[in-house]
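For reference, the structure is listed below as C-alpha cells.
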Amino acid sequence: MSQLSGDGLWVIRQLGMYLTGQLSIALMSVSMILATRPVWLESLFNGMDKIYGLHKWLGITGAGFAIAHWLFKEAGGPISDLVGKTGRPKLAVLPAMQWLHSIAKDLGEWGFYILLIMVALSMWKLIPYHFWRRIHKLIPALYLVLVVHSVALMPASYWASVNGMVMAVLLLSGVSATFIILAKRIGHKRTHVGRVVMIRPHENQTLEVVCDPGPDWRGHTPGQFVFLTFDQDEGAHPFTIASAPKESGTTQLTFHIKDLGDYTAKLAQTLKIDQPVAIEGPYGKFQCNQGRKNALQVWLAAGVGITPFLAWVEALENKTLNRPTSLHYVVTRRDGNHFVSLLEQKCRELTNLELHVHETKTKGRFNADTFLSALSQGKAIDLWFCGPSKLANHIHKALKTQGLSNVDIHQELFNFR
C-alpha cells in the first residue's frame, strides 16, 4: 500500500480499512479450512477438538476485525467534515473487477450486518442446537459473498505483493473448503456406514449405545472420538468411544450419551436396533501414552467424562501399567452409578491403577485446591481431565493459585459451539 498518498487522516482511514479487511477475511478463510476437519493437522494442534476450538475463535476474531473494518469505513463522514474530500486517496482495482465495484460495496455492507447477527446467535447458548446448526450452515455462503467483496475492492497493486500472494492462496483454499462444506463432503473419506446393535438406558439419564461400524472400519486408539449421525436432519454430533479395540478383530463401538439437551434427550425414544448410523472418524489425541515419562499419571473425570478412561482401562485388561496411576472419578451419588460399578470391577484386575471415587452428595463439592495439593508435593504430574467446563475452569484456577508449574493438564475440548 506504499502508493497511498493524500491527507493524513484519509490515508490512516484507508490503511485501517485495508488492514482490518485483510485480517478479517484471512482469519475467516483459515476458519473455513479448519471446518473441513483436516485430519493431517491433528498432530500439530493435538487433536480435532483443538482444531474446532481454533475454528470457533478464528471466526469470532474475524468478525471482530470486520467490525473494525466497518468503523474505519464509517469514519469517512467525520473526516470529510473535518478536512474535506480533496485529500482522499484513490487506488485502481483489478480491471476485471471494475464492473463489480458498486455491487461489491453493497454486498460487503449487508454481508457484514448478517455476519454480526449470525455470530451473535451462534454464541447465544440459550438457542437450541438444531436452530444453531441451521444458522451455522448459512455462514459458508456468506463467506463467499465477503470473498467477492474483498477481491473486487482490493487495489490491483496489492495482488503483486507478498501479502497479496499469501492472501490469494488463503482465499482460494477458503473457497475450496467452502464448496466442500456446501456439498456436504466433510469427512466423507473417513465416514463409515454402521448400524445400532444395542441400546441400554442407565442411571443419571445416560444411554449406552453400541454400534457396529461395518467392515471398512480401520480401528481406533482408546480415547478417540467420532462424529455420529443418527438423523440426517439433525446432523453429526461428537461422542467419545468408550470401548477399546478388540484383538479378535470383531469391532463394536460403545458410546455413553448423556441427556444434555433437546437432541440427546430424545435418543432413547428415537433410536432403534439395526438403525443405520454414519460414523465419521476416529479423531483426537487424548492418549495417556503421550505424557512425560518421568511424570505421575493422574486421570480425573466427572460425569459422562469418564468415557475415554473407560476405553483406556478396557485396553489395559490383563496388563500392568509401567508406573503408578490414579483414576479419580467425581460423581453426585456413588450408589447405583453404572460407571462406578464397571470401574471397580475392571480396576481390581489391573496392577498400578488405583480408583478413587469422589461423591459430592456426601463429601461436598469437589475441591481442586485440596486435590492438587495432596497430589503434587513437588512431583511432576500429567493430569488427564475430561468433564464439565466449569470443573475445568476450577482446576485451571487452582493451578494458577497454587503456582503448580510441574502439573501438565491434558484436556479434551468438546464445547464446539
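Residue numbers run from 1 in the order of the sequence given. The analysis underlying the following values was restricted to heavy atoms, covering all of them including side chains, and did not include hydrogens, waters or symmetry mates.
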| field | Short side-chain to backbone donor-acceptor contact, Glu314 and Ala244, under 3.5 Å | value | yes
| field | 4.5 Å side-chain heavy-atom contact, His220 and Leu253 | value | yes
| said: Does the plane of the ring in His202 sit parallel, tilted or perpendicular to the ring in His256? Use 30° and 60° as the thresholds. | reply: tilted
| query | Any donor and acceptor pair, going by atom type alone, linking the side chain of Glu359 with main-chain N or O of Val331 inside 3.5 Å? | reply | no
| message | Looking at every heavy atom in both Val93 and Met97, which two are closest together, and how far apart are they? | response | CG2-C, 4.4 Å
| Exceeds 12 heavy-atom contacts within 6.0 angstrom, atom CZ of Phe65 | no
| Taking the inter-plane angle between the rings of Trp70 and Tyr113 on a 0 to 90° scale, is it parallel (under 30°), tilted (30 to 60°) or perpendicular (over 60°)? | perpendicular
| query | Taking side chain as C-beta onward, heavy atoms only, is Val298 less than 4.5 Å from Asp382? | reply | no
| said: Does any part of the side chain of Ile306, heavy atoms only, come nearer than 4.5 Å to the side chain of Leu327, both counted from C-beta? | reply: yes
| Do Gln252 and Met198 touch side chain to side chain, with heavy atoms closer than 4.5 Å? | no
| query | How long is the gap from CD on Glu42 to CG on Leu44, to the nearest 0.5 Å? | reply | 11.0 Å
| Is there a side-chain contact between Gln287 and Gln224, using heavy atoms and a 4.5 Å cut-off? | yes
| said: Any non-hydrogen side-chain atom of Lys346 less than 4.5 Å from a side-chain atom of Leu342? | reply: yes
| query | Is Ser29 reaching over with its side chain to a backbone N or O of Ile25, donor-acceptor style, under 3.5 angstrom? | reply | yes
| task | Verify, without hydrogens or angle tests, whether Arg200 (side chain) and Leu207 (backbone) share a donor-acceptor contact under 3.5 angstrom. | result | no
| said: Using the side chain to side chain contact (heavy atoms under 4.5 Å, CB included) definition, which of the options Leu350, Asn352, Leu353 pairs with Thr325? | reply: Leu353
| field | Euclidean distance, Leu58 CG relative to Met32 CE, rounded to 0.5 Å | value | 11.0 Å
| Thr36 side chain vs Ile33 backbone, donor-acceptor pair below 3.5 Å | yes
| Where do Val277 and Val196 come nearest, in terms of heavy atoms and distance? | CG1-N, 4.3 Å
| Validation row, ring centre His69 to ring centre Phe72 under 6.0 Å | no
| task | Begin from the C-alpha positions of Leu300 and Ile395 and carry the test side chain to side chain contact (heavy atoms under 4.5 Å, CB included) through to its verdict. | result | CA-CA 10 Å; Leu300 175 62; Ile395 292 168; 3.4 Å; yes
| field | Value rounded to 0.5 Å, distance of CD1 in Ile139 from CE in Met28 | value | 9.0 Å
| Would you call the rings of His358 and His356 parallel, tilted or perpendicular, where under 30° means parallel and over 60° means perpendicular? | tilted
| note | Nearest heavy-atom contact between Ile51 and Phe45 is CG1-CB, 3.8 Å
| request: Check step by step if side-chain hydrogen bond (donor to acceptor under 3.5 Å, both in side chains) holds for Gln22 and Tyr18. | output: CA-CA 6 Å; Gln22 290 166 33; Tyr18 286 144; over 6 Å; no
| said: Would Arg13 and Met17 count as a side chain to side chain contact (heavy atoms under 4.5 Å, CB included) here? Give the steps. | reply: CA-CA 6 Å; Arg13 182 245 186 185; Met17 282 180 62; 3.5 Å; yes
| field | Main-chain N/O of Lys258 paired to Thr206 side chain as donor or acceptor, under 3.5 Å | value | no
| When the ring planes of Trp312 and Phe286 are compared, do they come out parallel, tilted or perpendicular, using 30° and 60° as the limits? | parallel
| task | Determine, stepwise, if the pair Arg195 / Asp274 fulfils side chain to side chain contact (heavy atoms under 4.5 Å, CB included). | result | CA-CA 5 Å; Arg195 63 188 182 90; Asp274 282 332; 2.6 Å; yes
| said: Strictly distance-based, threshold 3.5 Å: is any side-chain N or O of Glu412 a donor or acceptor partner for the main-chain N or O of Cys386? | reply: no
| request: Taking side-chain hydrogen bond (donor to acceptor under 3.5 Å, both in side chains) as the test, write out the residues that go with Thr178, two or more places apart. | output: none
| said: How about CD on Glu74, more than 12 heavy atoms from neighbouring residues, nucleotides or ligands closer than 6.0 Å, or not? | reply: yes
Under 3.5 Å donor-acceptor pairs involving side-chain atoms of residues 179-188, not counting sequence neighbours:
| from | atom 1 | to | atom 2 | distance (Å) |
| --- | --- | --- | --- | --- |
| Arg185 | NH2 | His188 | NE2 | 3.2 |
| His188 | ND1 | Arg185 | O | 2.8 |

| message | Can you tell me how far apart CH2 (Trp384) and CG (Asp408) are? Round to the nearest 0.5 Å. | response | 9.5 Å
| query | Which heavy atom of Thr240 sits nearest a heavy atom of Phe225, and at what distance? | reply | CA-CB, 3.7 Å
| task | Check the pair Lys73 / Glu109 against side chain to side chain contact (heavy atoms under 4.5 Å, CB included), numbers first and verdict last. | result | CA-CA 10 Å; Lys73 171 188 167 294; Glu109 184 162 4; 3.9 Å; yes
| task | Please round to the nearest 0.5 Å and tell me the distance separating atom CG of Leu267 and atom CD1 of Ile199. | result | 9.0 Å
| message | Strictly distance-based, threshold 3.5 Å: is any side-chain N or O of Ser243 a donor or acceptor partner for the main-chain N or O of Thr254? | response | yes
| From Leu391 atom CG to His396 atom NE2, the distance as rounded to the nearest 0.5 Å | 10.0 Å
| Does Arg190 reach the main-chain N or O of Pro282 with its side chain, forming a donor-acceptor pair under 3.5 Å? | yes
| query | Which pair of non-hydrogen atoms, one from Cys347 and one from Leu355, has the smallest distance, and what is that distance? | reply | SG-CB, 4.1 Å
| Donor-acceptor pair, side chain of Ser161 and main chain of Tyr158, under 3.5 angstrom | yes
| task | State, to 0.1 Å, how close Asp369 and His394 come at their nearest heavy-atom pair, and which atoms those are. | result | OD2-CE1, 4.2 Å
| Within-4.5 Å side-chain heavy-atom neighbours: Phe230 and Thr270 | no
| said: Is any side-chain heavy atom of Asn406 closer than 4.5 Å to one of Ile381? | reply: no
